Q: 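Pasting a structure here, questions to come.
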Amino acid sequence: MTLGKRALILIFPVVLAGYLLAALSVHLAQSRSIRALEHAKLSQRLEHAASVFQNEVRRSRGALNALLSGNALRQYVAETDKKYRANALGVRLQESLTSLSDDPAGFISLAVFNSKLEAEYYFENSWDPFAEIDPAQLDLARQLLNGSKLGDWSYVDSAGDRPRVVYSLFVDPVTFGRPAPSNKANALLMQVAVQPDRFLRLQAPLKREYGAEIVLQPWPLAVTDDLSASVPLGPALHATLTVSDAHFEAQMLRQKVLLALGALAMSLFSIWLIIVLIRRFITGPIATLDTNVMAVMAGAREEIAEVDEAGEIGRLTRNIREMHRQSLQSLQLVQRSSWTDTLTGISNRGRFNMPGDGAVQEICGAILALFSDGFELSGKRYPVTASIGVAACPDDASSVAELISNADAAMYQAKTAGKNRSARFSRALNDKRTRQRQIQDELRSLDPDEQFHLVYMPIVDPGGKVTGCEALLRWHSPVLGHVTPDEFVPIAESSGLFTKIDWWVIDKAMSDCHQLKALFGPDTVLAINISSAELHSKSINEHFSDCLTRHGLEARSIDIELTETFAVQISDQLRLNMEELRSKGFRLSIDDFGAGYTSVQQIIDYAADTIKLDRALVSNLAASRSLAVLKAVVALCHAKEMTVVGEGVDTPEKLAMLTAAGCDRFQGYLISKPLPLAELAIWALSRVALAADKPADGDVWPVAASRR
């Protein structure tokens, strides 16, 4: 057993135990802080839900105020001809009511009651043409008629399938203002009800994350030790969410695992550092001496190198060196006698049988020298090169088939290094080939829903508004761990496995598109990268259309990003695919412009809606301060009516330069790194909160992004 192994066996348990004790101390100290952080996160998300709910209340109040300020409702109340009022004025009032909703299919209703609780008018924008006021809203109207309030709002959820916010107001039928309390009996009760769709949609992700639903009740949550939060929605309505202890225990389990892994990693690093120091000052000099002695014994060196070491190692080296010097002369005589013929003095058969790595290199060099000047044939000289791969037995292989295979791999390594050279087979090359085969095997058998997930990177305009998000694929394999796209995408394309990956990305990204629009607005564009190989497939257009229909999206909401390598060889089928996609309303973008292949002529020839400047191009132009060049590129794209997106915006200097050049959109880590959908929602909320704290004319979006 070597000295290094002995030191490792002695040191590793002690260091590992120390770090595990430290990790345990950190866990005990931080558990309460983590619980407080989870509580704050829960409260923040509930407060966001409460703000969305208040917006729905304001929407119902605003709708009623808009009707009261208009003429349609006033004329309807004042008209005495019931037939004319029901036919002509009723239709006009319906049009006024539906025009107040942002969504033409969104639920909104108007009810007008007299003092006898008789419905003078009722209309709701729904799929039921014979809809009537349900009992819950009638009970609410009865309570208001019997009470003292002249106006109020309520949350009605008795029907279960259609909860709604109802804003009620007593109106004088003559003045259309609020009546005096003494004249309430002659007033009309107006009720506008809207369905709080955004508030209801927020409950689904909370239930998925915490395993509990938001409970609406007239009293706040009592103080308990549970992980829970409660926020007021109104004077007598509170939203409460109570999380089971199992959720917190899961969080703590993750922390335990991370701390244990961290302790193990720090232990390995510390042991590595200790071993390095031991090798440098203790085992290293001994190993050097051993190597020198072995080299002399093998005949690779003539004498042991002199070392500048003090102490025992230095004395031992000098003594061995002196011993070698004393015996070298006699050893040379013995070797000369055994390797040469006593009569002729030339090398004998024993000397000839001594062929090693040096001989192999000499042979490879001699073969390559034959090709140095090319070959002459029929009066013409033709340059020819040779690439040689070398594998030796038993070091590199244990069978003939394996030896030939490894030599072939070494030959391709020589070609990759520049051709006209030789290369020795290495274990690193074998490991790389094994890794590629493992990735290919995992891609063939994986379930994308289990191992793939998408992250989204926002794209903003010069004002900081998010106009779109780019969907990016991530793979975490249970066998290989985290595999980067740069590693597995070329393997998937070369082996024909990228079709199912592309189709999964398209379907998954479109399924998330509605949530992105809910975060950033209905005009948000989703950018989806597809493999260049897929562009030549006839079925790609049908898959895009099928996914679009299945998820209820418009084609203009999808931006198909094509890497610039698509333009190197553009086939007729590819051109037809592009034209068909554009005719259906899809946007087309050329991604990574400037990475290597795309020429100015190709940009002029190929129709695209957007050009995305490659991050390397942006970095090079920013480093050289080539603003004029960047302006020219942007101007060319604008002349072709293309939108220009600057990628790799990770510093304020790059942002300023792209802005000065007239760039239309920006994307990069200065704005946000790629985030999962849940974290993207928190990022969007933090930007809204930061914008609310700044003056209206302030430019805050780069600051908000840098804080992330």
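All values derive from a computational prediction rather than experimental measurement. Index from 1, following the sequence. Note that these values count all heavy atoms, side chains included, but never hydrogens, waters or copies made by symmetry.
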Q: Please confirm whether K415 makes a cation-pi placement over Y412, using NZ or CZ under 6.0 Å from the six-membered ring centre and within 45° of the ring normal.
A: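 Yes, K415 and Y412 form such a contact.
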Q: Looking only at heavy atoms, which two atoms of L241 and I214 are closest? And how far apart?
A: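 Nearest heavy atoms, L241 then I214: CD1-N, 4.0 Å.
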Q: Is the closest side-chain heavy-atom distance between K465 and F520 below 4.5 Å?
A: no
Q: For N529 and D502, work out which heavy atoms get closest and say how close.
A: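 Nearest pair, atom of N529 first, then D502: O-OD1, 3.9 Å.
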Q: Could you pull out the closest heavy-atom pair between K673 and P458, with the gap in Å?
A: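 Taking K673 first and P458 second, the nearest heavy atoms are O-CD, 4.5 Å.
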Q: State the OG-NZ distance between S426 and K432, to the nearest 0.5 angstrom.
A: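 So the gap between those two atoms works out to 10.0 Å.
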Q: With rounding to the nearest 0.5 angstrom, report the CG to OG distance, N620 to S626.
A: 9.0 Å
Q: Tell me if a side-chain donor or acceptor on H514 pairs with a main-chain N or O of H551 at a distance below 3.5 Å.
A: yes
Q: Could you tell me the separation between the OG atom of S545 and the CD atom of E580, rounded to the nearest 0.5 Å?
A: 7.0 Å
Q: Would you say NZ of K207 has more than 12 non-hydrogen atoms from neighbouring residues, nucleotides or ligands within 6.0 angstrom?
A: no
Q: Can you see which heavy atom on L100 is nearest to which on A66, and at what distance?
A: CD2-CB, 3.8 Å
Q: Counting distance only, does the side-chain N/O of K517 pair as donor-acceptor with the main-chain N or O of T524 below 3.5 Å?
A: yes
Q: Closer than 3.5 angstrom, by distance alone: can the side chain of S511 be matched with the main-chain N or O of K508 as a donor-acceptor pair?
A: yes
Q: When you compare the side chain of D664 with that of D461, does any pair of heavy atoms fall below 4.5 Å?
A: no
Q: Could you please spell out the steps behind the side-chain contact (heavy atoms from CB on, under 4.5 Å) verdict for L480 and R435?
A: CA-CA 9 Å; L480 305 175; R435 171 78 173 179; 3.9 Å; yes
Q: Over all heavy atoms of both residues, which pair between P674 and R474 is shortest? Give the atoms and the distance, please.
A: CG-NH2, 4.0 Å
Q: I need the I611 CD1 to K640 NZ distance, nearest 0.5 Å.
A: 10.5 Å
Q: Set out, in order, the CA-CA distance, both residues' side-chain angles and the distance that settles side-chain contact (heavy atoms from CB on, under 4.5 Å) for R582 and D609, then state yes or no.
A: CA-CA 9 Å; R582 293 202 75 191; D609 301 286; 2.9 Å; yes
Q: How far apart are the C-alpha atoms of S589 and D559, what are their side-chain angles, what is the distance that settles it, and do they pass the side-chain hydrogen bond (donor to acceptor under 3.5 Å, both in side chains) test?
A: CA-CA 7 Å; S589 297; D559 191 347; 2.6 Å; yes
Q: Counting only heavy atoms not in R198, do more than 12 fall under 6.0 Å of its CZ?
A: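 No - once you tally the heavy atoms of other residues, nucleotides and ligands closer than 6.0 Å, there are 12 at most.
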Q: Could you tell me whether R550 and D507 make a salt bridge, using a distance below 4.0 angstrom between a side-chain N and a carboxylate O?
A: yes
Q: Run the numbers on I540 and I506 for side-chain contact (heavy atoms from CB on, under 4.5 Å), then give the verdict.
A: CA-CA 10 Å; I540 188 66; I506 294 170; 4.0 Å; yes
Q: State whether R59 and E56 are salt-bridged, where the test is any N-O pair (Lys NZ or Arg NE/NH1/NH2 against Asp/Glu carboxylate O) under 4.0 Å.
A: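 Salt bridge: yes.
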Q: Is any side-chain heavy atom of L630 closer than 4.5 Å to a side-chain heavy atom of L658?
A: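 L630 vs L658: side chains touch.
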Q: Kindly indicate whether the side chain of P196, heavy atoms from C-beta on, has any atom under 4.5 Å from the side chain of V165.
A: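 The answer is yes; the side chains approach within 4.5 Å.
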Q: Given side chains that start at C-beta, do those of L446 and W475 come closer than 4.5 Å, heavy atoms only?
A: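 Counting from C-beta outward, L446 and W475 do come under 4.5 Å.
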Q: Below 4.0 angstrom, N of the basic side chain to O of the carboxylate: do E647 and R615 qualify?
A: no
Q: Ignoring hydrogens, what is the shortest heavy-atom contact between G106 and N125? Give both atom names and the distance.
A: O-ND2, 2.9 Å
Q: Would you check if R587 and T610 make a side-chain contact, meaning some heavy-atom pair closer than 4.5 Å?
A: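 The answer is no; the side chains never approach within 4.5 Å.
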Q: Please tell me if the side chains of W503 and S539 come closer than 4.5 Å, counting only heavy atoms from C-beta onward.
A: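 When only atoms from C-beta onward are counted, S539 and W503 do touch, with a gap below 4.5 Å.
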Q: Step by step, work out the side-chain contact (heavy atoms from CB on, under 4.5 Å) result for M457 and Y669.
A: CA-CA 9 Å; M457 195 168 192; Y669 275 53; 3.7 Å; yes
Q: Could you tell me whether the side chain of N577 and the main chain of N541 form a donor-acceptor pair under 3.5 Å?
A: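 No; zero donor-acceptor contacts below 3.5 Å.
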Q: Taking atom CG of L613 and atom SG of C637, what is their separation to the nearest 0.5 Å?
A: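 Atom-to-atom, L613:CG and C637:SG are 6.5 Å apart.
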Q: Report the distance from atom CG of L206 to atom CZ of R45, rounding to the nearest 0.5 Å.
A: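 One gets 4.5 Å once the value is rounded to the nearest 0.5 Å.
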Q: Taking the side chain as C-beta and beyond, is there a heavy-atom pair between F199 and Q203 under 4.5 Å?
A: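 Sidechains of Q203 and F199: in contact.
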